[in-house]
There are 2 protein chains.
Amino acid sequence: MPRMSEAEKRKSHKRILEKAAQLFRERGVEAPSVSDVMQAAGLTHGGFYRHFKSKDDLVVSAFRLAVDDVLADMEAAVTEEERAAARADYIDTYLSMCHVDNRGNGCPLAALAGELSRGSPDAKAEGLHAVERVSEHLREGTDAGQGIALLALMLGTVTLARLAEREETVQTVLDAGHTGADLIRSAWPETAKEVDAKSV
Amino acid sequence: MPRMSEAEKRKSHKRILEKAAQLFRERGVEAPSVSDVMQAAGLTHGGFYRHFKSKDDLVVSAFRLAVDDVLADMEAAVTEEERAAARADYIDTYLSMCHVDNRGNGCPLAALAGELSRGSPDAKAEGLHAVERVSEHLREGTDAGQGIALLALMLGTVTLARLAEREETVQTVLDAGHTGADLIRSAWPETAKEVDAKSV
DNA sequence: ACTTATAGATGATGATTGTAATCTTAAAAT
DNA sequence: ATTTTAAGATTACAATCATCATCTATAAGT
């Protein structure tokens, strides 16, 4: 059958990355084999090394694609209103039941941060870069700490919620996360002007 | 050489569990093989199944031991003052540089929650049980939500911090987590009586 | 004292893995 | 038109894994 045209190779490359981004988020970076990913992309494992230097290379590239994907809406927003709306939507979607049991399209940090931090230096660096990108979008005019704390709370909430089996329990965890997120967003020292004014 | 006495078997069992609890937290539950764990315990792989039904059984048991271990101080506290002190110490130790680069003795949820949630039903259940235990100790008289949100924030903070290589960056993440934790602890609706009183 | 049960060592098994070599064929380059 | 290049398929390989079978020698039960 081979060989395919240049354009078809690019399509294959994209398909491999997309399927990998989904499979890794669903089952972790160890469980899906190179063969699994290639099969999901409609190929056999033989051609893999025409596209990626190693499995670790695929992991890093697929993770980056996943981050691009989940940040697309926030990065497309241009006006301050649009960005505020996209931010609010991101947080609500993040702390939702749908996100909890839809790992394959969810936050790549919630799915893989733990594994990346034990992975290659490249993987760790890509993970840290994702933290910077996401938290930068999340902060609301104050120092970077707010974005990081908010991301940490949200990531932790979803991680804990995914341990629960009963839907009721999942919702309890999500509600706690939501309350915590509101606290961080409204009461962050440098933001909450009213609170500061009162306490002076 | 074999066979060992009953007392020695119990010692072996304990040693296997302790080493497993450390290795799994350090490198995840997949990376260390049964043979690795047994070697760390000073044994060969052959005797493993005299102690555990399967590797998954070991994972679940070792995780539970790790939770027992990190909660020991808080569970030993009897008076309310002791419990408050143990709680404060737990939070400070949790959000410390030492915890970030000492996975093997750190919070088993921060190390393994992501993997457990993709694991066997038994593993998930054990993970959820740990969430209940830890968050119960963390809450300060209010509803369970505070404990869960606080745990989520702390777990998320350490998870993100472990992606960073530079010590300075780690500290930035930890500082953000600390500020967020103070917010959740002091401003949780049902706790902050003064705030409630003011707003009525 | 004698038998039995068993902790741990040794070695095997079958499956899976990441990676590499080789082959086929059609797309690029000349 | 001819040559060269390379995408993807097939097959191979060396390593690793969880689990099991077997062996040993000693502790526990009688």
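Note on naming: letters A, B, ... go to the chains in the order of the sequence lines (proteins, then strands), and numbering restarts at 1 for each one.
For K55(A), the NZ atom sits in a packed shell: over 12 heavy atoms of surrounding residues, nucleotides or ligands are nearer than 6.0 Å. Within 6.0 Å of CD on E80(B) lie more than 12 heavy atoms contributed by other residues, nucleotides or ligands.
A donor-acceptor distance shorter than 3.5 angstrom exists from the side chain of D36(A) to the backbone of S33(A), with no hydrogens or angles considered. With hydrogens and angles ignored, the 3.5 Å screen pairs no side-chain donor or acceptor of E126(A) with any backbone N or O of R64(A). Formation of a donor-acceptor pair under 3.5 Å by the E82(A) side chain with backbone atoms of T79(A) is found in this model.
Rounded to a whole Å, the CZ atom of R50(B) is 16 Å from the P atom of dT26(D). The CZ-C1' distance, from R15(A) to dA7(D), rounds to 12 Å in whole Å. Between the CD atom of Q39(B) and the C1' atom of dG8(C) there is a distance of 14 Å, rounded to whole Å. Taking atom NE2 on H51(B) and atom P on dT6(C), their separation rounds to 13 Å, with Å as the unit. The distance from atom NZ of K9(A) to atom P of dT5(D) is 15 Å, rounded to the nearest whole Å. Look at CE on M38(A): it is 7 Å from P on dA9(D), rounded to the nearest Å. Taking atom CG on L43(A) and atom C1' on dG8(D), their separation rounds to 7 Å, with Å as the unit.
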Contacts under 3.5 Å, N or O only, protein and nucleotides 28-30 of chain D:
| residue | atom | partner | partner atom | Å |
| --- | --- | --- | --- | --- |
| dA28(D) | OP1 | E6(B) | N | 3.3 |

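Interface residues of residues 112-127 of chain A facing DNA chain D, ordered by number: none; criterion, heavy-atom separation under 4.0 Å.
The pair E30(A)-R118(A) fails the salt-bridge criterion, with no side-chain N (NZ, NE, NH1 or NH2) lying under 4.0 Å from an Asp/Glu carboxylate O. Contact check on R139(A) versus E136(A) returns a salt bridge, with a Lys/Arg side-chain nitrogen under 4.0 Å from an Asp/Glu carboxylate oxygen.
Smallest separation of non-hydrogen atoms from L155(A) and A113(A): CD1-CB, 4.5 Å.
Residue pairs meeting the side-chain hydrogen bond (donor to acceptor under 3.5 Å, both in side chains) criterion with at least one partner in residues 156-165 of chain A, sequence neighbours excluded, are E165(A)-K124(B).
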For residues 96-104 of chain A, please give each side-chain donor-acceptor pair under 3.5 Å, one per line with the distance, not counting sequence neighbours.
| residue | atom | partner | partner atom | Å |
| --- | --- | --- | --- | --- |
| S96(A) | OG | T93(A) | O | 2.6 |
| S96(A) | OG | H99(A) | N | 3.2 |
| H99(A) | ND1 | Y94(A) | O | 2.8 |
| H99(A) | NE2 | C107(A) | N | 2.9 |
| N102(A) | OD1 | N105(A) | ND2 | 3.4 |
| R103(A) | NH2 | S117(B) | OG | 2.4 |

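In terms of the ring pair (Phe, Tyr, Trp, His ring centres under 6.0 Å) criterion, residue partners of F48(B) (sequence neighbours excluded) are, by chain and number, F52(B).
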Note to self: Can you build the contact string for nucleotides 11-21 of chain C? Use B for base contact, S for sugar-phosphate-only contact, and - for no protein heavy atom under 4.0 Å.
What the structure shows: BB----SSBB-
